[in-house]
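Everything numeric here is computed off the predicted structure, so don't read it as measured data.
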Amino acid sequence: MRQSFFALLFVVLVTASKSTSSLVSIPLTKLERTGSYLQGSPHADRARASYLKNRKSGSPTTVPASNLAYVQYTTSVGVGSPATYYNLFIDTGGSNTFVGTGKKYVRTSTSVPTGQDLNITYAGGFFSGVEYYDTVTLGPDLVIAKQSIGDAFQSAEFEGVDGIIGVGPVDLTQGTLSPDTNALIPTIMDNALEQGLIKKRILGISFAPSTTYNDTNGAITYGGIDHALYTGKITYAPLTETYPASTYWGINVTDSTYGSHTVIPQSTAGIVDTGTNLVLLADDFFAVYLDAIPGAYLDDNTGLIAIPSSSITDMQPLNFTICGTTFSMDTAAQLVPLDQNTAWGTPAGVQYGIVSNLGSNSGEGFDFIIGQKFMEKYYAVFDSDHNRVGFAYTNHTFSTYLP
């Protein structure tokens, strides 16, 4: 990390022995920074939403870079032999894996250049470098050979992390290589399955609300689900066929309500994305939510919804119906804790919320993003084998807000 207070803790825990190496769970560190590290995050989320919505498959895209910094979950990944460990944040909205944006790529005898340039654009940043095949260590018994790794020569918007581990659909890698622009790059999940390291292309993700700046409170499970990390049954939603949400981990929400107000009136498509911090709703959906909270308004300076203290006690659950199951965000889940205002770059004493607008109206095939704040309440499963996304309740789904 570039500064000592960005240091990320990790402890590798393996839930399966070598003889049952098809399931590996590794804890995640929720990246938090001192200072106004989240200032601009809502605007970055909307920029990311616009980019994801309008991205053309296979077509290189360049977007302006902004000097923003916001929370991400990271996991420690070893590259090379002997391995150098990098703190990479988990991105279900991208599928390339690269290092070198913080700690530089250390080449070893297993590092093989492919002769390909690698260029990836994001909503608020970019990565430019070259591709290698290398050994990637996700856990003691999960070591992938000849995995595509990008070595960053230039990058923007990766402050405090060493790169990205991409766990989105493989089609998102098309157009990122040059000169072989039509090639697909097998993801870490693809290669782990191909090499017999996991039996299923299933990724389980457990996030949780953070109580400290650097909090190792999450876990990622490669090759299956960890039953200890959720309660009850998992509700699965098939991947949507609606474009452009279908390009990502896209699903349909049947409807959404806030108290007696209907926010999303009918089945609509959006995506589940670990790379987005907030919960974003199409502008017309968000307007219903905003109007239902007396005195609430969208703060243009922060990009967040500001909520009068007098309205907090009467706030209602924000409910999403997914395949017949209601997933509810209680009052606490909808609010930024007041003691985090400095981190968000917002005025002290003003209550802000984590539900915001997408930047476009509904009806365009990309009407919401279920981001990190939702997944801090629910266990998430990304199942490539059955083309579905699952959610389950956890021990921290519900909480009591104390202003």
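Using bins of under 30°, 30° to 60° and over 60° for the plane-to-plane angle, the ring pair F158/F89 lands in the parallel bin.
No donor-acceptor pair closer than 3.5 Å links the side chain of T181 to the backbone N or O of S178. With N87 contributing its side chain and T74 its backbone, the two residues share no donor-acceptor pair below 3.5 Å. Judged by distance alone, the side chain of D255 and the main-chain N or O of Q266 form no donor-acceptor pair under 3.5 Å. One N or O on the side chain of K103 and one on the backbone of Y85 form a donor-acceptor pair closer than 3.5 Å. The backbone N or O of T274 sits less than 3.5 Å from a side-chain atom of T92, completing a donor-acceptor pair. Put simply, the side chain of T101 gets close to the backbone of G163: a donor and an acceptor are under 3.5 Å apart. Judged by distance alone, the side chain of S311 and the main-chain N or O of P294 form a donor-acceptor pair under 3.5 Å. Of the possible polar contacts, one joining the Q316 side chain to the D314 backbone as a donor-acceptor pair under 3.5 Å is found. Using modelled atom types, no side-chain atom of D299 and backbone atom of A306 make a donor-acceptor pair closer than 3.5 Å. Side-chain atoms of S128 never come within 3.5 Å of backbone atoms of Q154 as a donor-acceptor pair (strictly under, hydrogens ignored).
Counting only heavy atoms from C-beta outward, the side chains of L278 and L304 approach each other to under 4.5 Å. Counting only heavy atoms from C-beta outward, the side chains of S111 and Y105 approach each other to under 4.5 Å. Looking at S95 and Y248, their side chains never come closer than 4.5 Å, going by heavy atoms from C-beta outward. Put simply, the side chain of V77 reaches to within 4.5 Å of the side chain of V136, judged on heavy atoms. Taking the side chain as every heavy atom from C-beta outward, D134 and T110 approach each other to under 4.5 Å. Looking only at side-chain heavy atoms (C-beta outward), I220 and L203 come within less than 4.5 Å of each other. Contact check for Y132 versus V79: no side-chain heavy atoms found under the 4.5 Å cut-off. By the 4.5 Å heavy-atom criterion applied to side chains, T221 and Y379 are counted as neighbours.
Separating the CG atom in N361 from the CG atom in D284 is a distance of 4.5 Å, to the nearest 0.5 Å. With rounding to the nearest 0.5 Å, the separation of CD1 in I90 from OG1 in T97 is 10.5 Å. Atom CD1 of I293 sits about 10.0 Å away from atom CD1 of I312, to the nearest 0.5 Å. Between Y289 atom OH and I305 atom CD1 the span is 5.0 Å, to the nearest 0.5 Å. Here OG of S384 is found 7.0 Å from CG of D190. Values are rounded to the nearest 0.5 Å. To the nearest 0.5 angstrom, F366 atom CZ is 12.0 Å from T242 atom OG1.
Centroid-to-centroid, the aromatic rings of Y393 and Y230 stay 6.0 Å apart or farther. Under the 6.0 Å cut-off for aromatic ring centres, F327 and F391 qualify, their centroids lying closer than that.
Of all heavy-atom pairs spanning K377 and H396, the tightest one is CD-O, 3.2 Å. Looking at every heavy atom in both residues, D180 comes nearest to Q116 through N-OE1, 3.0 Å. Residue V143 comes nearest to Q195 through the heavy atom pair O-OE1, 4.3 Å, listed as atom of the first residue, atom of the second, then distance. Here the shortest heavy-atom pairing between I185 and L118 reads CD1-CD1, 4.2 Å. Closest heavy-atom contact between G78 and A83: CA-CB, 4.0 Å. Residues Q147 and P186 approach most closely at NE2-O, 3.2 Å, considering heavy atoms.
Using a 3.5 Å distance cut-off with no hydrogens or angles, the side chains of S267 and N252 do pair a donor with an acceptor. Counted by atom type alone, S328 and N319 present one or more donor-acceptor pairs between their side chains at under 3.5 Å. Between the side chains of Y258 and Q334, no donor-acceptor pair of N or O atoms lies under 3.5 Å.
By the neighbour-count criterion of 12 heavy atoms within 6.0 Å, atom CG of D385 is densely surrounded, having more than that number from other residues, nucleotides or ligands. The 12-atom threshold is exceeded at OH of Y236, counting heavy atoms of other residues, nucleotides or ligands nearer than 6.0 Å. Residue E194 places its CD atom among 12 or fewer non-hydrogen atoms of other residues, nucleotides or ligands, all under 6.0 Å distant.
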Would you please test F285 and F368 for ring-ring contact (aromatic ring centres under 6.0 Å, His included) and show each step?
-> CA-CA 9 Å; F285 297 158; F368 63 83; 8.5 Å; no
Evaluate the side chain to side chain contact (heavy atoms under 4.5 Å, CB included) criterion for residues L298 and F286: first the C-alpha distance (whole Å), next the side-chain angles of each, then the deciding distance (0.1 Å), finally the verdict.
-> CA-CA 10 Å; L298 185 63; F286 175 72; 4.2 Å; yes
Test D171 against L184 for side chain to side chain contact (heavy atoms under 4.5 Å, CB included), laying out the working first.
-> CA-CA 7 Å; D171 287 353; L184 295 178; 3.9 Å; yes
Pair D291-H261, side chain to side chain contact (heavy atoms under 4.5 Å, CB included): steps then yes or no = CA-CA 10 Å; D291 290 345; H261 302 270; over 6 Å; no
Which is it for F382 and V167 under the side chain to side chain contact (heavy atoms under 4.5 Å, CB included) test, yes or no, and what are the steps along the way?
-> CA-CA 9 Å; F382 300 86; V167 288; over 6 Å; no
